[in-house]
Amino acid sequence: MRCLLPFIPFLSLCLVSTKGNGDLDPVMPFMVHLDPDSLVSLKWGFDNVQGIMTFQLAVNTTGWVGIGFSPNGGMKGSDLVIGGYGTDGSYFADYHATGNSRPLVDEQQSYTLLSTSETDGQTVLTFQRPLRTCDDQDVEITAQPVKLIYAYGTTDDISYHGARRGTREINLLNYTPRTASSSSNYLDVTVNITVPPVQTYYHCKVMSFSNLITKLHIYEVEPMIENRDLVHHMLLHRCPLFVREEYDGPCFQGDMGDRCFGVVAAWAVGGEATTLPESAGIPIGGGEGSTFYRLEIHYNNPNSVKGRRDTSGLRLHYTTNLRQHDVGILTAGVLEVGHLKYNIPPNAEEFHTYGVCNTTVISQLVNPMPDLQMFAVILHTHLTGRKVRVGQYRDGKQIDFLGLDENYDFDLQQVTHLGKVKTVKQGDDIVVECTYSTVNRTAVTRMGLATTDEMCLAFLFYYPATKISQCISHPNTTQLRNSNYQMSESEIVQYEGLLKTLPQLQIVSDENARFAVYQEGVVRKMMETPNATCQRNASQGLCTSWFFNPAGMIFLLLCILIE
């Protein structure tokens with residue numbers, strides 16, 4: 001009796017091969033080899049909103065293959081699946097292990113088999129499971145690293161795996177890919193200054209990369225922080241063609257370097273090195289465009305300490321072997337706009353601000369705008385930020401989240417790789433929502449540069465790169481009356497609602513300091529963040545007939561992962 005695959009909306013998954021050219025899979029963008037000989041590979045992706053994770057296990061064998069989640073790297077307490085393609089068709093099942101003994105079939109089959117293939121000496125299983133199954137026989141997938149265990153055989157006649165097994169620890173939800181590159185080339189962009197004894201200081205260094213004659217791809221951005229208690233964030237910008245002079249001093253003094261908008265690399269407090277997918281790189285150098293770049297470093301010096309030297313900066317690891325995709329970074333959210341005020345009142349438990357990016361405005365500078373494939377994001381606020389959400393809208397309706405942090409931590413502003421690649425089309429809206437708590441403040445908090453001010457930004461990593469650098473907005477507050485902003489709870493809610501309904505002044509800029517402006521932007525309603533509720537596999541009982549195969553799973557799992 002052959003197993004029937006459940007009907008799924010991801011039919012194209014059945015056609016995916018792991019023997020590709022390194023292109024980024026939009027559904028399963030992450031991939032690791034679990035063994036030192038690269039015979040066992042695992043691809044995966046997830047959707048935090050739906051709480052579903054998709055896996056593809058590929059093993060260079062024509063026999064059975066198995067993988068599991070283990071609390072300690074061994075059998076006991078492991079959550080296991082085994083499958084393959086035999087003479088009777090596909091087989092696949094969900095098990096749990098109580099020790100180094102015969103594992104048991106789960107009463108609740110929490111995994112859904114999507115496809116099985118056996119070609120060119122390789123067996124490939126593609127399957128799904130919820131992040132939370134609420135089944136005590138399963139291991140819950142969280143933002144913490146998990147030990148993955150694997151084993152496989154050479155035939156479908158299940159027998160002891162011998163040395164064909166192993167363990168590897170991976171953080172599936174917060175995975176940072178590590179690119180194996182033969183290139184040892186890197187470029188350091190650093191400062192050498194004495195940090196002024198002021199609470200907030202921005203230092204900018206405009207420098208020429210005129211020696212980079214040919215185009216290169218940055219594949220890793222590594223922070224080099226001398227004073228971690230002072231350095232808050234760093235941005236490397238590409239300058240427009242008319243910037244032709246070097247500069248090394250305070251930012252925002254009216255010099256030409258202030259016109260450098262295109263973000264090439266970004267780091268914020270709490271972040272580590274950022275490594276890009278193998279098929280993508282940030283372009284730098286080459287005969288086209290400017291050779292000048294600006295490094296911006298924000299120093300947070302709350303105690304106004306004197307005499308601190310700092311040589312922090314970024315190390316850009318690059319390769320001359322260009323990758324398939326040029327990566328761009330789009331800045332979206334709320335920024336200061338001229339004389340317009342955006343003040344957050346004190347004593348607000350939850351105050352929401354919104355930045356709008358209608359991509360139709362982008363098409364005024366880049367037409368036609370290509371589909372933007374979003375794959376990672378940095379979410380950025382200051383001290384009062386508690387939540388950041390980035391919604392995507394199409395035809396006026398929200399279709400997805402491009403970023404989501406319900407427990408924002410000012411000291412942990414990392415590059416977050418999205419669970420899957422998300423496509424933004426021309427005409428889509430991007431709305432950045434930030435939630436602040438000012439219950440411990442007695443004065444207004446304004447949108448500004450200081451750490452005690454606030455920001456509401458999302459740095460969106462995407463490909464193919466365009467010259468667009470910013471797509472931000474600000475409510476048109478010119479008609480608001482002056483106020484001391486000492487409000488009651490109901491007045492705070494009313495004021496927040498007013499800011500949300502005001503016309504949004506939207507500004508799009510590109511690397512050449514060209515601008516497009518739209519004065520009637522609209523903040524659309526953002527959906528509630530779905531709770532991580534328990535989910536059951538609708539296809540329970542899938543492939544249960546295989547359990548009766550006398551050469552089946554049970555004997556295999558009796559021995560799996562025993563040295």
Side-chain angles (χ1 to χ4, degrees), residues 20-26 29-33 175-190 207-224 234-241 260-267 271-296 313-331 366 370-378 414-418 421-424 459-469 510-512:
N21 58 3
D23 194 12
L24 198 62
D25 186 327
F30 309 119
M31 193 277 285
V32 295
H33 290 289
Y175 177 69
T176 300
R178 292 296 174 187
T179 302
S181 175
S182 58
S183 172
S184 59
N185 299 320
Y186 61 85
L187 175 67
D188 287 345
V189 287
T190 60
M207 66 207 86
S208 174
F209 294 165
S210 57
N211 59 323
L212 300 182
I213 301 174
T214 60
K215 177 181 174 181
L216 308 170
H217 265 162
I218 299 169
Y219 62 86
E220 184 175 60
V221 178
E222 179 185 358
M224 297 188 297
M234 298 185 289
L235 295 171
L236 181 67
H237 297 91
R238 185 179 288 108
C239 294
L241 293 173
C260 304
F261 294 121
V263 177
V264 177
W267 174 90
E272 300 297 335
T274 299
T275 305
L276 298 178
E278 291 187 0
S279 62
I282 300 171
I284 193 171
E288 299 181 3
S290 174
T291 61
F292 282 81
Y293 293 78
R294 181 186 71 170
L295 175 64
E296 171 192 310
L314 299 171
R315 174 165 289 179
L316 311 175
H317 298 266
Y318 66 84
T319 177
T320 57
N321 298 320
L322 298 184
R323 298 179 168 194
Q324 182 175 358
H325 302 296
D326 284 348
V327 170
I329 301 176
L330 176 67
T331 304
V366 177
D371 288 353
L372 307 181
Q373 310 298 332
M374 304 286 180
F375 65 90
V377 65
I378 299 177
Q414 306 180 64
V415 175
T416 301
H417 290 261
L418 305 182
V421 179
K422 304 189 177 187
T423 302
V424 173
F459 298 94
L460 294 158
F461 292 67
Y462 72 94
Y463 64 86
T466 70
K467 291 188 178 296
I468 298 299
S469 57
D510 68 10
E511 295 173 357
N512 296 319

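A quick note: this is a predicted structure, and the numbers were derived from the prediction, not measured.
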So which heavy atom on [X] is nearest to which on [Y], and how close?
X      : Y      : value
Val189 : Phe209 : CG1-CZ, 3.3 Å
Cys260 : Pro240 : CA-CD, 3.9 Å
Leu316 : Ala265 : CD2-CB, 4.3 Å

Check: [Y] and [X] side chains under 4.5 Å, non-hydrogen atoms:
X      : Y      : answer
Leu216 : Thr319 : no
Thr416 : Ile378 : no
Leu212 : Leu187 : yes

Anything under 30° is parallel, anything over 60° is perpendicular, the rest tilted; go ahead and classify Phe30 against Tyr175.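 The rings of Phe30 and Tyr175 stand perpendicular, inter-plane angle above 60°.
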What orientation do His317 and Tyr186 show, parallel under 30°, tilted 30 to 60°, or perpendicular over 60°?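 Answer is tilted, since the angle falls between 30° and 60°.
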Would you please name every residue forming a ring pair (Phe, Tyr, Trp, His ring centres under 6.0 Å) with Phe261, sequence neighbours left out?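 Phe261 satisfies ring pair (Phe, Tyr, Trp, His ring centres under 6.0 Å) with Phe515 once adjacent residues are dropped.
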For the side-chain contact (heavy atoms from CB on, under 4.5 Å) test, which of Asn512, Val264, Val263 pairs with Arg238?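 Among the candidates, only Val264 passes.
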Between Thr275 and Glu220, is any side-chain donor less than 3.5 angstrom from a side-chain acceptor?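 Yes.
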Any Lys/Arg nitrogen of Asp326 or Lys215 sitting under 4.0 Å from an Asp/Glu carboxylate oxygen of the other?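 So Asp326 pairs with Lys215 through a salt bridge.
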Between CZ on residue Phe375 and OH on residue Tyr463, distance to nearest 0.5 Å: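 So the CZ of Phe375 and the OH of Tyr463 are separated by 8.0 Å.
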Output all residues satisfying salt bridge (charged side-chain N to carboxylate O under 4.0 Å, His left out) with Glu222, sequence neighbours left out; order by chain, then residue number.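 Partners of Glu222 by the salt bridge (charged side-chain N to carboxylate O under 4.0 Å, His left out) criterion come out as none, since no residue qualifies.
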